[in-house]
Asker: 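Right, I'll just put the structure down here and ask away after.
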Amino acid sequence: MDEKKRFRMFVGILAAVIVLGAVFVVGTIVAEVDNWYTIVSAAILVSIAVIAVFVAWRKQKELKSGFPLEDERSRTLKMRAGYLALFVSMYFCLALGWIIGAFVEDSGREFLSVGEMMFVLAAAMGIFYFVILAVLSRGKGTS
């Protein structure tokens, strides 16, 4: 698949995600749910839109110049950081489940709801990715 076709597909997927996010935000406003969910979903939608515009602008600039913005090493580091972050976050999820099962459920204390736990796990996965990418990118030379 050529680069222009991939770029158009990328823009189409981003547009669909932003439209679905806008529908969700409007749905939370119409359903009159807690304001916190509306604010968080709107903030997530705005951040996705800002990042999408930046990535699309950068990709368009790359297509016009004819030179790729990242080399093979950068792509390899990003892929390696991605799968390492997946493994670390899976172990984090298992450890969190063990901690909840061993210490929180038996004591009768309140803990995070399922929705809040999903936000924590998604944030942890993103943090793990950026930390691992930073550590892998520090290395000079070949590994």
Side-chain angles (χ1 to χ4, degrees), residues 1-105 109-143:
M1 183 182 314
D2 67 328
E3 289 295 318
K4 289 184 180 183
K5 193 172 188 178
R6 286 182 65 202
F7 179 71
R8 284 190 209 113
M9 189 171 62
F10 172 75
V11 170
I13 290 171
L14 285 178
V17 167
I18 291 172
V19 167
L20 288 174
V23 167
F24 181 77
V25 170
V26 170
T28 58
I29 293 170
V30 169
E32 296 179 2
V33 296
D34 190 15
N35 286 339
W36 176 249
Y37 293 119
T38 305
I39 292 169
V40 169
S41 59
I44 291 171
L45 179 65
V46 168
S47 64
I48 287 174
V50 168
I51 292 170
V53 166
F54 175 73
V55 169
W57 171 74
R58 191 170 166 210
K59 192 72 173 169
Q60 182 69 23
K61 185 175 152 184
E62 175 186 332
L63 284 174
K64 283 185 180 180
S65 72
F67 297 109
L69 290 178
E70 58 184 25
D71 56 354
E72 292 176 12
R73 181 181 182 276
S74 299
R75 280 193 196 128
T76 304
L77 285 177
K78 286 180 182 178
M79 286 191 292
R80 187 168 184 187
Y83 74 76
L84 287 175
L86 176 67
F87 290 140
V88 170
S89 61
M90 286 182 353
Y91 286 118
F92 176 75
C93 185
L94 288 173
L96 196 58
W98 179 77
I99 290 169
I100 291 170
F103 300 112
V104 177
E105 284 183 356
R109 286 181 264 170
E110 286 290 321
F111 200 66
L112 299 174
S113 69
V114 174
E116 293 166 340
M117 187 65 68
M118 293 305 295
F119 277 118
V120 168
L121 292 174
M125 188 177 216
I127 291 168
F128 289 146
Y129 172 77
F130 287 118
V131 167
I132 291 171
L133 182 62
V135 169
L136 290 176
S137 297
R138 272 190 32 205
K140 304 287 187 219
T142 60
S143 53

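The chain is numbered in sequence order, starting from 1.
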Asker: Around M90, counting heavy atoms of other residues, nucleotides and ligands shown, do more than 12 lie under 6.0 Å from its CE?
Answerer: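 Atom CE in M90 is crowded, with more than 12 foreign heavy atoms closer than 6.0 Å.
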Asker: Pairs in or reaching into residues 115-135: which pass ring pair (Phe, Tyr, Trp, His ring centres under 6.0 Å), with residues at least two apart or in two chains?
Answerer: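 Non-adjacent pairs meeting ring pair (Phe, Tyr, Trp, His ring centres under 6.0 Å): F92-F128.
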Asker: M117: what forms a side-chain contact (heavy atoms from CB on, under 4.5 Å) with it, not counting sequence neighbours?
Answerer: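 If we apply the side-chain contact (heavy atoms from CB on, under 4.5 Å) test to M117, skipping adjacent residues, the hits are L96, I100, F111, L112, L121.
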Asker: How would you list, by chain and number, every residue that makes a side-chain contact (heavy atoms from CB on, under 4.5 Å) with V55, sequence neighbours excluded?
Answerer: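 V55 satisfies side-chain contact (heavy atoms from CB on, under 4.5 Å) with F10, I51 only.
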Asker: Just how far is it from atom CD1 of I99 to atom CG of L94, taken to the nearest 0.5 Å?
Answerer: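 Answer rounded to 0.5 Å: 11.0 Å.
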Asker: Which pairs, with at least one residue in residues 7-25 and sequence neighbours excluded, count as a side chain to side chain donor-acceptor pair (under 3.5 Å)?
Answerer: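 The answer is none; no pair qualifies.
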Asker: If you measure from OG1 on T76 to CZ on R80, what distance do you get to the nearest 0.5 Å?
Answerer: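 Spacing of OG1 (T76) from CZ (R80) equals 10.0 Å.
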Asker: Taking all non-hydrogen atoms of both residues, which atom of I132 and which atom of V88 are closest, and how far apart?
Answerer: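 In terms of heavy atoms, the two residues are closest at CD1-CG2, 4.1 Å.
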Asker: Could you tell me which residues satisfy side-chain contact (heavy atoms from CB on, under 4.5 Å) with L45, sequence neighbours excluded, listed by chain and number?
Answerer: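 side-chain contact (heavy atoms from CB on, under 4.5 Å) list for L45, sorted by chain: I18, A22, V25.
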Asker: Looking at L86 and M125, what are the two nearest heavy atoms and their distance?
Answerer: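 Minimum heavy-atom separation between L86 and M125: CD1-CE, 3.4 Å.
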Asker: The criterion is ring-ring contact (aromatic ring centres under 6.0 Å, His included); which residues satisfy it with W57, sequence neighbours excluded?
Answerer: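 Per chain and number, W57 pairs via ring-ring contact (aromatic ring centres under 6.0 Å, His included) with no residue.
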Asker: Once you round to the nearest 0.5 Å, how far does CG of L136 lie from CG of L84?
Answerer: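 Answer rounded to 0.5 Å: 6.5 Å.
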Asker: List for me each residue that meets side chain to side chain donor-acceptor pair (under 3.5 Å) alongside S89, sequence neighbours excluded, and say none if there are none.
Answerer: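 S89: no side chain to side chain donor-acceptor pair (under 3.5 Å) contacts found.
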Asker: Just verifying a value: how many Å separate R75 CZ and E72 CD, rounded to the nearest 0.5 Å?
Answerer: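 With rounding to 0.5 Å, CZ (R75) is 7.5 Å from CD (E72).
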